[in-house]
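The block underneath contains the structure these notes are about, expressed in structure tokens.
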Amino acid sequence: IEKERGRYDWGELDWYLWEAGKRDGVEITLAVGQKVPRWPECWLPDWFGQMNQSTQRQAVLEMISAVVTHVGSDPVVTRWQVENEPFLAFGEGCPAITSDELEQEIDLVRSLDDRPVQLTVSGEQEPWLDMAARADVLGLSLYRLVWDDTIGFMFYPLSPEYYRVKAEAAKLLA
């Protein structure tokens, strides 16, 4: 969307929103931030790496603001996902996100739009309770089979009961 700093190409995003809007019952959770779902999770433009950390931070906030403002009141977007698994150290080229930076992004989205904010966390490796307290909607990524460079494929040995108990605890904060 922003191959050149400050120049936005909304064509592809608008097309997806338009296509979704033509179908009954389609709702979109639109992810904003520097780390979003998919692989690789971070698609930072070349110009981003040329800046110092403070300027990068400002660029992230400007991009979030531009997306939320551009989408406006499009009814197909029903909520915002701010970052994806923000505290999980994973993903090629993904800068670390601090708790304060995440709060700043959430506050920015809420200042621009009244739709719910979703935070999505790793079901196994991130703190649910902290994130549930910050979010209107808590999303969980559950990876039952993962790849580890040392041991190869690995199945998480956690039972469904583990996730149910964690979900019940998270609901208490909602």
Exercise: do Glu41 and Asn84 side chains pair donor with acceptor under 3.5 Å: yes
Qualifying residues under salt bridge (Lys or Arg N to Asp or Glu O under 4.0 Å), relative to Arg134, sequence neighbours excluded: Glu103, Asp130
Partners passing side-chain hydrogen bond (donor to acceptor under 3.5 Å, both in side chains) against Tyr16 (at least two apart in sequence or in another chain): none
Heavy-atom side-chain proximity of Leu102 to Glu83 below 4.5 angstrom: yes
Counterpart residues, salt bridge (Lys or Arg N to Asp or Glu O under 4.0 Å), relative to Glu19 (two or more places apart): Lys22, Arg23
Listed partners of Phe155 passing ring-ring contact (aromatic ring centres under 6.0 Å, His included), at least two apart: none
Pro86 vs Met131 side-chain heavy atoms within contact, under 4.5 Å: yes
Glu124: side-chain hydrogen bond (donor to acceptor under 3.5 Å, both in side chains) partners, not counting sequence neighbours: Tyr163
For the student: nearest non-hydrogen atoms of His70 and Asp14, plus distance: NE2-OD1, 2.7 Å
Closest non-hydrogen atom pair, Leu61 against Leu108: O-CD2, 3.4 Å
Distance-only donor-acceptor check, side chains Glu85 and Ser141, under 3.5 Å: yes
Arg79 bridged to Glu27 by N-O distance under 4.0 Å: no
Nearest non-hydrogen partners of Ala59 and Phe48, listed with the distance: CB-CE1, 4.2 Å
Partner set under salt bridge (Lys or Arg N to Asp or Glu O under 4.0 Å) for Glu161, not counting sequence neighbours: Arg164
For the student: nearest non-hydrogen atoms of Ala135 and Arg110, plus distance: C-NH2, 4.1 Å
